[in-house]
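In this text the structure is predicted, and so the values were computed from the model without any measurement.
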Amino acid sequence: MSIKIINPGLFSTIQDLGRIGYQDQGFSTAGVLDQYAYRTGLALIGNEGPAIECTIIGPTIEFLEDNTFVLIGAEFNATINDISIDEATVIAVKKGDVLKVGQVINGARGYLLFGKPLKIQKVANSYATHTRSQIGGFKGRPLKSGDVIECENNHSYTRHLGLSLLIDVTEVKENTIQIIEGPQIENFSQEAQQKLVANEFKISEKSDRMGYRLQGETISPTTSADIISEPVALGSIQVPNDGNPIILLNDKQTVGGYTKIATVCASDLHKLAQMQPNDTIRFEWTTIDEAVKKLEQQEEAFKNTIKSIYEQPIFDVTQLRNTSIRINHLLKGEL
């Protein structure tokens, strides 16, 4: 049981929630950039398997065995055998079917999860790919054309067939990102701190999973940007000597030697994940207490969403109808 990568798209990697608890040993957490999309996908598909994270242009995949899958996160122009499909819906595929995720329509990153999960060996308790250190995922690298990935044997892979979720895409278009003061905030003048929230910044085309490089007003520290290397948090906004901020993301180094003016609130990291190069960002100062409260409220809302999936399920009847048609054909000996 397996899938074959016909075309990998722009940048597709195997990811999960990340390599937690190993940063003191120099391991980057890696993991999905949009944690909420991935966690919702897990609930829909009904297992704890890894996902293919696809970026802006998704992969084309041939199924070498019957399976189910869900595509969630950014909105893509996705098809099965050239027929458009819905996202956030568990869809059945037969051996030989071809899924083309295609070009993104809204957002930046999507997640493919499978009813028969991808058979990936864990490294430091995680499936996540960290390409710079070439560990985890599928051979420690982005997917390539011709890759064949085995799938686990899951007899209940159709259990959630047709399960669906209505997705609100309005938040994806919201570009205001809340931040709290960074550990070197005192290295920046009041004017620099105000400039950070008074101006828009554009995400550079040189950005990647390690960090978003921003273009706009320079935010230089009052003295040198170089400091003694220290641990860096996910979402840290470090400012090198050129004054152009960099938001550190999941594939970041574990320590860094640049001043950090601010840190993106955890509640807004998933919004960053759905931003593309040339998109603009506006920052907004908040307090730690307010950031914690917002994250707690967001987590509670997420739990309610997951609860509704199971207690008030929505089904795409076309998926169920297609399956019943196949069963009838089998009973009649037509297949």
J.: When the ring planes of Tyr111 and Tyr38 are compared, do they come out parallel, tilted or perpendicular, using 30° and 60° as the limits?
T.: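 Plane angle over 60°, so perpendicular.
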J.: Please examine the side chains of Met210 and Gln253, heavy atoms only from C-beta on, and report whether any two atoms are closer than 4.5 Å.
T.: yes
J.: Less than 4.5 Å apart, any side-chain heavy atom of Lys144 and any of Lys139?
T.: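 Side chain of Lys144 against side chain of Lys139, heavy atoms only: no contact under 4.5 Å found.
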J.: For Leu249 versus Leu234, what's the shortest heavy-atom pair and its separation?
T.: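 Scanning both residues completely, I find the closest heavy atoms to be C-CD1, 3.4 Å.
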J.: Which is it for Gln238 and Leu248 under the side-chain contact (heavy atoms from CB on, under 4.5 Å) test, yes or no, and what are the steps along the way?
T.: CA-CA 7 Å; Gln238 67 177 19; Leu248 299 182; 3.8 Å; yes
J.: Side chains of Thr13 and Gln15 only: does a donor on one sit below 3.5 Å from an acceptor on the other?
T.: yes
J.: Mark yes when over 12 heavy atoms from residues, nucleotides or ligands other than Lys195 sit less than 6.0 Å from its NZ; otherwise mark no.
T.: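 Counting neighbours around NZ of Lys195, more than 12 heavy atoms of other residues, nucleotides or ligands fall under 6.0 Å, so yes.
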J.: Within a strict 4.5 Å, meaning less than it, do heavy atoms of the Thr131 and Thr129 side chains meet?
T.: yes
J.: Under the criterion side-chain hydrogen bond (donor to acceptor under 3.5 Å, both in side chains), I'd like the reasoning laid out for Thr55 against Glu53: C-alpha separation, chi angles, the key distance, then a yes or no.
T.: CA-CA 7 Å; Thr55 308; Glu53 180 183 83; 4.6 Å; no
J.: Any donor-acceptor pair under 3.5 Å linking the side-chain atoms of Asp16 with those of Ser126?
T.: yes
J.: Is a donor from one side chain sitting under 3.5 angstrom from an acceptor on the other, for Gln215 and Asn244?
T.: no
J.: Decide whether Lys271 and Gln178 meet the rule of one side-chain donor and one side-chain acceptor closer than 3.5 Å.
T.: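 Side-chain D/A pair, Lys271 to Gln178: absent.
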J.: Yes or no on salt bridge (Lys or Arg N to Asp or Glu O under 4.0 Å) for Asp242 and Arg213, after CA distance, side-chain angles and deciding distance?
T.: CA-CA 12 Å; Asp242 64 6; Arg213 295 177 178 273; 5.9 Å; no
J.: Is there a side-chain contact between Pro59 and Leu143 (heavy atoms, below 4.5 Å)?
T.: no
J.: When you check the side-chain N and O atoms of Ser156 and Asn154, is any donor under 3.5 Å from an acceptor?
T.: yes
J.: Do Asp66 and Lys95 meet the salt-bridge criterion of a basic N to acidic O distance under 4.0 Å?
T.: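 Looking at Lys95 and Asp66, the cut-off is not met.
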J.: Please verify the inter-ring angle class for Tyr22 with Phe27; under 30° counts as parallel, over 60° as perpendicular, anything in between as tilted.
T.: perpendicular
